[in-house]
Every structure is written in C-alpha cells, then in structure tokens.
**Student:** 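Take this structure, written in structure tokens, and hold onto it; I'll ask about it next.
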Amino acid sequence: MKYPNPTFLNRASGIKHTRRNVIIIVSSVLAFIALILVFVFKLASDQKKYAKEYPGLVGAATATTTETSEEESSETTVVEETTTAETSALGPIIQDTSTTPESSEQTNSPDAFVEGANIYFYNSHALQTVSHEERDTMLDDLKQQVIDYIAACEGERICFRYVSLSSNETLGINDLDPILPAGAFALPVEIEFYNQIESGAISPLSTVTYDGSVTTTGPSYITENYALLKQFFLRTISNYAIVYNDSLALSIMINAMGGLDAIIPNINEISGYVDYNSSVNYTAYDGTIISGSHRSSAYDLAEYANYLYRAYINEPTVYQSLINDMYYSAMPSSYSNIFGEDALILHASGRNDTYHAYTDIAIIDSDEPFVLCIYVECASAERAAVIQADLATYVERYITACHT
C-alpha cells in the first residue's frame with residue numbers, strides 16, 4: 001500500500017489556506033467600499049434635506065477665500081471712514097459734516113466733547129529796540145496811514161481799534177461808531193458764560209435740545225448738520241458759537257443764561273459804550289439811515305478782548321477753553337497771513353451779508369501781544385477781507401519796527 005507524498009500534501013494545504021485568505025481580504029475590501037458608498041449617498045440625501053429646511057446655513061462653511069476677503073475689506077473701510085469723520089487734528093472731536101443726517105439715523109443723546117490741545121500765550125517777547133519817544137512818533141505815523149487809507153475807501157464804512165497789551169497804548173479810528181458785530185458778539189457772551197461757570201451759576205455739562213424753540217436768521221452749523229431733537233452739552237454749544245460762528249448756538253447760550261436782559265448788565269461792566277440791548281441810529285455804508293438794537297462798537301469789542309487776555313493771565317483755568325476755541329476757529333481771518341507763522345491769532349468773526357457788515361476781533365501774540373479789531377461795511381465779504389488785510393499790514397509793520 002502506497003501513502004501520499006507528504007511534500008505534495010503540504011503544498012496543497014498551503015495553496016488552500018492562501019486562497020481562503022485572499023477571498024477573505026477581497027470580501028472585506030468590497031464590504032468596506034460598499035459601506036463608504038452607502039455613507040456618501042446618505043450624506044448627499046441629508047444635504048438636500050437641510051438645503052430645503054435651512055437654506056441660510058447650507059453652504060456657509062464652504063464660502064471661498066475671495067468672498068471672505070471682500071467682506072473683511074468692506075468692514076475695514078467703514079472703520080477708516082468713521083475715524084476720519086470723527087477726528088480733527090489738534091481740535092475737538094466733531095460730527096462729520098459731509099451730509100445732514102435724517103432723524104432716524106441720528107443719536108439724540110449729547111455727544112461727548114473732547115478739548116483740543118491747550119493754547120498758551122508766549123512767556124517772553126522780544127525787547128523793544130526804539131525809545132518811547134520814537135515809538136510815539138511811529139504810532140502817529142500809523143494813525144495817519146489808517147486815516148488816509150479809510151478816506152480813500154469811498155462808499156465804504158470802516159472802524160478800527162488797536163490796543164497794545166504790553167504798553168496799554170491805543171489807537172482808534174471811528175471806533176466809537178455803532179457797528180453790527182453779528183457773530184463777533186459771541187466774545188463777550190462767552191466771557192459771561194465762563195464767569196457764570198466759575199461762580200457755579202451754570203454748568204458746561206448741562207444739556208440743551210435743538211427743538212426749534214430758539215431760532216435765528218444767521219448761519220448755523222447746527223441746523224446744517226443735525227436734525228431736530230438733537231441734544232448738546234452747553235460746552236459744545238459754546239464751542240460752535242466761536243469756532244463755526246454759529247448764530248443759533250449763540251442764541252442758545254444767551255437763552256441758557258437767562259436772556260439778554262440778564263447778561264447785558266454784566267457785559268456792560270466790561271464795556272458798553274454802545275449798549276447791545278438798546279436801539280441806536282447811524283448811517284450805513286450806502287447812506288441808509290439805520291435804527292436798531294444788537295449793535296456794538298470796535299471800541300467795545302477791543303475792550304472785551306483786552307479783558308479776556310488779562311483775566312486769562314490771572315485765572316487761566318477759568319478761560320482756557322475759550323482761548324482754545326478762539327485759536328481753533330474754523331472761520332477765516334484776514335490777519336492770518338499778515339503776522340507770520342509764529343504769531344498766535346485768537347479771533348472771533350462776525351458776518352452779516354444782509355447789511356454787508358464784516359468784523360474780525362483778535363488777540364494777536366507776536367513780537368508783543370495786542371488786540372486788533374477791524375469792522376468793514378462794503379459791497380462784499382471779499383472786499384472786506386482785502387481792507388482788513390491792508391490795515392493789518394500797517395499794524396504789522398509798526399509792531400515789527402518797534403522791535404527791529
């Protein structure tokens with residue numbers, strides 16, 4: 001009897017085991033692929049279901065990099081525009097003036113007011129190089145130059161006042177004549193405002209509402225940039241009256257202090273040669289006889305500036321905000337290009353186009369500190385600016401000659 005060859009049996013058994021392992025592996029792979037296909041089809045089915053039920057969510061996670069970049073760029077632009085609109089270099093933060101907001105877009109609560117950098121007068125000045133006798137002669141020459149210039153301006157009315165804040169010398173031509181100061185009368189009103197703050201009678205953080213109850217016929221930054229019901233701190237209102245020559249802000253200030261009858265007596269204690277609250281008669285530049293109140297004089301305006309300078313020297317914290325506002329005024333001054341870049345010019349402007357009346361009252365600190373007030377009635381604001389610049393040039397030459 002023959003037995004099978006053991007080597008052959010071992011090889012047959014190995015082939016059988018190998019074939020069985022291959023079948024198991026192939027079956028496992030096919031089963032795994034089938035599971036993946038089932039999962040994919042299930043996920044696709046659920047995606048369609050979610051797309052119907054939650055259209056706003058499906059696809060949000062698959063937005064492209066380009067779309068995300070555009071959204072971020074848009075948000076950055078808004079921040080930059082807001083920053084540009086709200087920040088003013090070396091000045092108070094104010095609302096963007098490019099458009100007039102609708103009441104629905106406006107936040108009626110008062111906006112915080114941020115003071116600009118404080119402005120200080122010079123601690124020292126150049127020594128005078130001429131004798132007092134020579135200076136007196138030069139002042140007489142200045143007076144004659146101003147008189148001759150005014151005489152040559154036919155059909156125009158000009159009032160002039162100069163006051164040295166170091167020597168107390170003065171020069172006035174037609175400075176006692178009634179003038180229409182318009183917004184320049186904010187100067188004495190502001191002085192009274194800060195005096196009342198110092199006494200505790202009023203607070204700069206008190207709020208007022210622009211509701212139409214106080215009206216004005218003059219230009220107004222408030223009416224041009226805010227809708228009714230906007231609230232303001234009185235500090236903001238006082239800033240607008242000087243910086244923007246805002247006639248409505250000036251009226252609101254006067255009203256907040258109790259009206260003209262309440263504050264004019266205090267203003268007149270400083271100077272009241274022409275009582276602002278009384279009616280006066282005078283002849284306008286075109287020969288018309290004018291009768292009315294709300295008039296002042298170049299003499300009075302110069303005295304208000306003189307008072308402010310000396311009061312500030314004695315109590316700087318009381319009047320610092322007013323000094324700042326006059327320096328940061330957004331209104332053009334005919335003096336700004338005359339006295340050099342180093343000169344400090346703190347001014348208040350007045351402009352009434354109906355009566356063709358233009359005023360510039362300023363404290364100027366250059367070789368020495370002085371007050372200059374020039375009032376002009378003429379055909380246009382442009383012509384008035386020329387006259388004011390010409391007369392300021394005479395003063396600049398005089399001051400410079402005293403220190404050369």
Side-chain angles (χ1 to χ4, degrees), residues 92 110-116 118-119 181-211 213-216 218 220-222 230-278 293-296 300-329 346-350 361 363 371:
D111 301 324
F113 185 87
V114 180
E115 295 282 354
N118 286 340
I119 300 302
F185 200 74
L187 176 57
V189 174
E190 296 269 2
I191 293 172
E192 174 63 13
F193 176 70
Y194 285 99
N195 285 342
Q196 290 197 15
I197 290 175
E198 174 65 11
S199 68
I202 201 168
S203 169
L205 296 181
S206 296
T207 59
V208 292
T209 302
Y210 165 44
D211 57 7
S213 60
V214 179
T215 60
T216 181
S220 171
Y221 178 86
I222 294 174
K230 176 64 179 177
Q231 294 180 318
F232 300 92
F233 292 118
L234 279 179
R235 174 64 188 101
T236 305
I237 293 296
S238 69
N239 173 267
Y240 287 178
I242 288 289
V243 172
Y244 297 112
N245 196 22
D246 190 323
S247 58
L248 177 61
L250 179 58
S251 296
I252 291 174
M253 284 185 67
I254 292 172
N255 188 62
M257 290 186 287
L260 282 174
D261 290 340
I263 67 172
I264 287 300
N266 294 333
I267 290 175
N268 284 347
E269 287 185 5
I270 301 173
S271 187
Y273 185 85
V274 175
D275 187 344
Y276 187 78
N277 219 19
S278 299
S293 59
H294 297 177
R295 266 62 178 181
S296 185
D300 291 322
L301 291 181
E303 285 303 296
Y304 301 141
N306 188 357
Y307 173 94
L308 174 60
Y309 177 82
R310 302 187 188 287
Y312 172 78
I313 297 300
N314 293 325
E315 297 181 282
T317 57
V318 175
Y319 305 98
Q320 184 66 65
S321 293
L322 178 52
I323 295 297
N324 294 345
D325 289 348
M326 293 176 69
Y327 178 80
Y328 291 122
S329 173
L346 288 63
H347 81 121
S349 296
I361 169 66
I363 301 173
V371 171

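Here the structure is a predicted model, which means the values were calculated and not measured. Counting from 1, the numbers follow the sequence of the chain as shown. What you see below is based on every heavy atom in this structure, not just the backbone, and it leaves out hydrogens, waters and symmetry mates.
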**Student:** Which heavy atom of Ile361 sits nearest a heavy atom of Ala305, and at what distance?
**Tutor:**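 In this case the closest contact between Ile361 and Ala305 is CD1-CB, 4.0 Å.
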**Student:** Report the residues that fulfil side-chain contact (heavy atoms from CB on, under 4.5 Å) with Gln231, sequence neighbours left out, ordered by chain and then residue number.
**Tutor:**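 Residues passing side-chain contact (heavy atoms from CB on, under 4.5 Å) with Gln231: Pro110, Thr209.
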**Student:** Take a 6.0 Å sphere around OH of Tyr327 and say whether it holds more than 12 heavy atoms from other residues, nucleotides or ligands.
**Tutor:**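 Open: at most 12 neighbouring heavy atoms sit under 6.0 Å from OH of Tyr327.
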**Student:** Would you mind reporting whether Val371 and Leu301 have side-chain heavy atoms less than 4.5 Å apart?
**Tutor:**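 The answer is no; the side chains never approach within 4.5 Å.
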**Student:** Does some side-chain heavy atom of Ile119 sit less than 4.5 Å from a side-chain heavy atom of Met326?
**Tutor:**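 They are not in side-chain contact.
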**Student:** Find out whether Tyr276 and Pro181 are in side-chain contact, i.e. whether some heavy atom of one side chain is under 4.5 Å from a heavy atom of the other.
**Tutor:**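 Sidechains of Pro181 and Tyr276: in contact.
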**Student:** To check you understand the geometry: which heavy-atom pair defines the closest contact between Ser349 and Asn245, and what is its length?
**Tutor:**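 Looks like O-OD1, 3.0 Å.
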**Student:** Roughly how far apart are Ile242 CD1 and His347 NE2, rounded to 0.5 Å?
**Tutor:**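 Result: 9.0 Å between the selected atoms.
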**Student:** With sequence neighbours excluded, what pairs up with Tyr309 under the ring pair (Phe, Tyr, Trp, His ring centres under 6.0 Å) test?
**Tutor:**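 Tyr309 satisfies ring pair (Phe, Tyr, Trp, His ring centres under 6.0 Å) with Phe121 only.
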**Student:** Between Ile313 and Pro316, which heavy-atom pair has the shortest distance, and what is it?
**Tutor:**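 Taking Ile313 first and Pro316 second, the nearest heavy atoms are O-CD, 4.0 Å.
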**Student:** Donor-acceptor pair, Ser251 side chain versus Ser247 backbone, under 3.5 Å?
**Tutor:**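 At least one qualifying donor-acceptor pair exists.
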**Student:** Any heavy-atom pair between the side chains of Ile237 and Ile222 that's under 4.5 Å?
**Tutor:**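 When only atoms from C-beta onward are counted, Ile237 and Ile222 do touch, with a gap below 4.5 Å.
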**Student:** So does Gln320 get a backbone contact from the side chain of Asn118, meaning a donor-acceptor N/O pair under 3.5 Å?
**Tutor:**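 Such a contact is absent between Asn118 side chain and Gln320 backbone.
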**Student:** Working to the nearest 0.5 angstrom, can you tell me the gap between Glu198 CD and Thr317 OG1?
**Tutor:**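 Here the interatomic distance stands at 6.5 Å.
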**Student:** Ignoring hydrogens, what is the shortest heavy-atom contact between Ala249 and Ala241? Give both atom names and the distance.
**Tutor:**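 Scanning both residues completely, I find the closest heavy atoms to be CB-N, 3.8 Å.
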**Student:** Side chains of Arg235 and Asn239: is there a donor and an acceptor less than 3.5 Å apart?
**Tutor:**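 Checked: Arg235/Asn239 side chains show no N/O donor-acceptor pair below 3.5 Å.
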**Student:** Any side-chain heavy atom of Phe185 within less than 4.5 Å of one from Tyr304?
**Tutor:**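 Answer yes - side chains close enough.
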**Student:** Rounded to the nearest 0.5 Å, what's the gap from CZ on Phe113 to OG on Ser321? Could you check?
**Tutor:**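 Between atom CZ of Phe113 and atom OG of Ser321 there are 7.0 Å.
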**Student:** For residues Tyr221 and Val243, determine if any side-chain heavy atom of one lies less than 4.5 Å from a side-chain heavy atom of the other.
**Tutor:**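 Tyr221 does not reach Val243 side chain to side chain.
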**Student:** Roughly how far apart are Glu303 CD and Asn306 CG, rounded to 0.5 Å?
**Tutor:**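 Spacing of CD (Glu303) from CG (Asn306) equals 5.0 Å.
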**Student:** Using side chain to side chain contact (heavy atoms under 4.5 Å, CB included), reason through Tyr319 and Tyr307 one step at a time and then give a plain yes or no.
**Tutor:** CA-CA 11 Å; Tyr319 305 98; Tyr307 173 94; 3.9 Å; yes
**Student:** Output the distance between atom OG (Ser296) and atom OH (Tyr273), rounded to the nearest 0.5 Å.
**Tutor:**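 So the gap between those two atoms works out to 12.0 Å.
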**Student:** For residues 252-272, which side-chain donor-acceptor pairs fall under 3.5 Å, sequence neighbours excluded?
**Tutor:**
residue, atom, partner, partner atom, Å
Asp261, OD1, Asn277, ND2, 2.7
Asn266, ND2, Glu192, OE2, 2.9
Ser271, OG, Asp300, OD1, 2.5

**Student:** Give the minimum heavy-atom separation between Asn324 and Gly116, together with the two atoms involved.
**Tutor:**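 Reported closest heavy-atom pair: ND2-O, 4.2 Å.
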**Student:** Would you tell me whether Tyr240 and Asp325 have side-chain atoms, one donor and one acceptor, within less than 3.5 Å of each other?
**Tutor:**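 The answer is no; no qualifying pair exists.
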**Student:** Find the distance between OG1 (Thr207) and CG (Leu234) and round it off to the nearest 0.5 Å.
**Tutor:**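 Output value for this atom pair is 8.0 Å.
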